[in-house]
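Read through the structure below, which is laid out as structure tokens, and then see the notes.
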There are 2 protein chains.
Amino acid sequence: MSDITRVALDAMGGDNAPGEIIRGAVEAVKQRSDIKVLLTGQEALLKKTLSEYTYPREQIEIVNASEVIETADPPVMAIRRKKDSSIVVAMNLVKNGEADAFVSAGSSGAILVGGQVLVGRIKGVERPPLAPLIPTAKGVSLLIDCGANVDARPSHLVQFAKMGSIYMENIIGKKNPTVGIVNIGAEEEKGNALVKETFPLLKECKDINFVGSVEARDIPAGAVDVVVCEAFVGNVILKLYEGVGGTLISKVKQGMMGSLRSKIGALLVKPALKSTLKDFDASEYGGAPLLGLNGLVVKTHGSSKAKEVCTSIIQCVTFKEQQINEKIKAVLQVQEEKKEN
Amino acid sequence: MSDITRVALDAMGGDNAPGEIIRGAVEAVKQRSDIKVLLTGQEALLKKTLSEYTYPREQIEIVNASEVIETADPPVMAIRRKKDSSIVVAMNLVKNGEADAFVSAGSSGAILVGGQVLVGRIKGVERPPLAPLIPTAKGVSLLIDCGANVDARPSHLVQFAKMGSIYMENIIGKKNPTVGIVNIGAEEEKGNALVKETFPLLKECKDINFVGSVEARDIPAGAVDVVVCEAFVGNVILKLYEGVGGTLISKVKQGMMGSLRSKIGALLVKPALKSTLKDFDASEYGGAPLLGLNGLVVKTHGSSKAKEVCTSIIQCVTFKEQQINEKIKAVLQVQEEKKEN
């Protein structure tokens, strides 16, 4: 295995492309000499933007891609038709072994579809989950799955629990991470049909540290390290996290502007408050991996700036070094063997 | 119809029973002469507690109930076996027409089960939803359903939308309230099987102001007045609201205690901040009605204090005056007639 991690980076995706994306790539290669970034996008534009920076030239390469997949494009169609788009070209680099990982702030739908269709699933993985880190009072938890494939089956959730545990342990460095399934009560008999069927399967798993149900109320407190749920619920949790946080913060700001007294107070608390709220900002934690694919696919926020892009690129190195996919394969192999016996 | 609203109040339910429950009853009858409270619970204890207050005697009556349903009791069993419990006795008062409404801070499970089994559903109502008000940047929205019956069908969600609209318009006074279905994207083709099936049915409803999908991110901003979802998702939304709010507020407080400068600032912003955060405290908005029953059933927080109990009792008057159940019957009748044609 090469000591260099090669990251295909979609230079055209996201609200701040290509400027912030390219700046993120430059920051990453300046920080780490063991990274090579393959920038996909319109060559002339990327060349011009890159020329503004000083960086180790051999660590960034431009791969031309004339088309762009817009957020409004229907994902399946876009992946099929826009063969020379920055996303398809970058994913094909991973597929062909020319890159180890793919990072994009572009269309979530296209990334999820492309990941499955172009990069392809690891043998045995039934469904690749999108697993963002969410901030908690204790640090971060992994929310798995927030992808586009809803109406999951119990066996999918069991695989999410296993893949999520491997990620938390090896990428985030949380030893023996606790796993909980999102439920509407703590008791085993509570829940919808999916949760009730999944619960005993998770209890049987020897290779994860399953602690039972987790109520949504306890997620922000950091009750468990790996929060397992199907994608519809995961999506609601992720978006509501942002929504409640955002509304509450703007209410706090508004409230502080109400009187002269509180305005003066606001000036004094501002720096402390800012650093606190930064801890609770999901964009500080890099992109969300789409796990279980032949290569790493990372989706960063559509509003990503250079910092998140840079963090996401560097995460790819850990992913490769820790041989996450090899570990996923090993765990699923055990599962397959069990089935056969 | 009598001008007096008779409220059966479970004096033994909740963390602060009977003290705060009884105090809430006393406050309610002092504020309104058109209310009569029927307190159910252990007579000697209630008599003793009531003797501490001065209030219009004829407006509070004690109805003895020797047993108490604990939160840990399995709901179905508890309703069946504890026939002389404060919850069962109070619900029977509603069932027998001796009370118009029932209010309790006790076991959610027992209230949901008892509501269906004892009070009974309005003819045509397939499933009674629990519908709390949640705070938003614009005021409040109704989150329907957060009950215990998960795995709903599309026809249930359509009824939730209708009953929720009637409640928001007549109790909260929101004219022509907007209705949205919780979804993972704004487009009609997005969603899980349940949402995809329900969406066109809601679009067809002439008697509600359906505006389409609402993403969880936009709920706290007050994007729609009536937030329709099945109970599992509703429960996750409600609990996460509390969880994110609580964690964020404690982080803000912690952050402000970090330096001398911010400590001084904290003192200055405290009053303004307190009133802001109060707006975002769900307990300010009274209890959650269980809609679609022959009589009103209201579940207040387990941690309810006198104020929430009092607000919930007074809400029952509006519910009766506005003839909510008659309006629900009328809307469902139209639906039944349509089916027959």
Side-chain angles (χ1 to χ4, degrees), chain A residues 136-137 148 150-151 182-185 190-193 195 215-222 229-233 235-252 254-259 261-277 279-280, chain B residues 136-137 148 150-151 182-185 190-193 195 215-222 229-233 235-252 254-259 261-277 279-280:
Chain A
T136 72
V150 290
D151 298 318
V182 177
N183 204 352
I184 60 171
K190 286 230 172 152
N192 55 13
V195 172
E215 284 198 79
R217 180 195 288 126
D218 302 321
I219 296 171
C229 54
E230 60 89 25
F232 192 94
V233 169
N235 195 289
V236 165
I237 292 173
L238 187 67
K239 302 265 174 78
L240 196 61
Y241 235 85
E242 287 176 39
V244 173
T247 300
L248 205 54
I249 287 164
S250 80
K251 280 235 154 210
V252 164
Q254 233 177 53
M256 291 198 298
M257 290 299 120
S259 69
R261 175 187 157 139
S262 62
K263 271 186 196 166
I264 296 168
L267 280 177
L268 295 171
V269 298
K270 207 177 161 190
L273 218 52
K274 221 172 166 177
S275 88
T276 306
L277 297 177
D279 286 348
F280 230 75
Chain B
T136 72
V150 292
D151 297 319
V182 177
N183 204 351
I184 59 172
K190 285 228 174 155
N192 55 14
V195 171
E215 284 198 79
R217 180 195 288 125
D218 301 320
I219 295 172
C229 55
E230 60 90 25
F232 192 95
V233 169
N235 194 289
V236 164
I237 292 173
L238 187 67
K239 303 265 174 80
L240 197 61
Y241 236 85
E242 289 176 37
V244 173
T247 300
L248 205 53
I249 287 163
S250 81
K251 280 233 158 214
V252 165
Q254 231 177 54
M256 292 198 299
M257 291 299 121
S259 69
R261 174 186 157 140
S262 61
K263 272 185 195 166
I264 296 168
L267 280 176
L268 295 170
V269 297
K270 206 178 163 191
L273 218 52
K274 222 175 166 175
S275 87
T276 307
L277 296 178
D279 286 348
F280 231 75

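This is a predicted model, so every value here is computed, not measured. Within every chain, numbering begins at 1; the chains are lettered A, B, ... in the order of the sequence lines, protein sequences first and strands thereafter. Keep in mind that the numbers below use all heavy atoms, side chains included, and drop hydrogens, waters and symmetry copies.
If you tally non-hydrogen atom pairs under 4.5 Å between each of B:Ile237, B:Val150, B:Thr136, B:Thr247 and chain A, the highest count goes to B:Thr247. Ranked by heavy-atom pairs shorter than 4.5 Å toward chain A, the options B:Val244, B:Leu267, B:Leu268, B:Ile264 are led by B:Leu268. No other option in B:Ile219, B:Asn183, B:Val195 has as many heavy-atom pairs under 4.5 Å with chain A as B:Asn183. Considering only heavy-atom pairs separated by less than 4.5 Å from chain B, the leading option among A:Asn192, A:Asp151, A:Asn235, A:Val182 is A:Asn192.
Formation of a donor-acceptor pair under 3.5 Å by the B:Glu230 side chain with backbone atoms of B:Phe232 is found in this model.
Heavy atoms of B:Ser262 lying under 4.5 Å from chain A belong to its backbone as well as its side chain. In this structure, the portions of B:Val269 lying under 4.5 Å from any heavy atom of chain A include both its backbone and its side chain. Heavy atoms closer than 4.5 Å to chain A are found nowhere in B:Asp218, neither backbone nor side chain.
Heavy atoms of other residues, nucleotides or ligands lying less than 6.0 angstrom from NZ of A:Lys251 number more than 12.
Under the 4.5 Å side-chain criterion, counting only non-hydrogen atoms from C-beta, A:Lys263 is in contact with A:Met257.
Nearest heavy atom pair, residue B:Ala137 against residue B:Ala221, reads CB-O, 3.9 Å. Taking both residues in full, the closest heavy atoms of A:Gly243 and B:Pro220 are given as C-CG, 3.5 Å, listed atom of the first, atom of the second, then distance.
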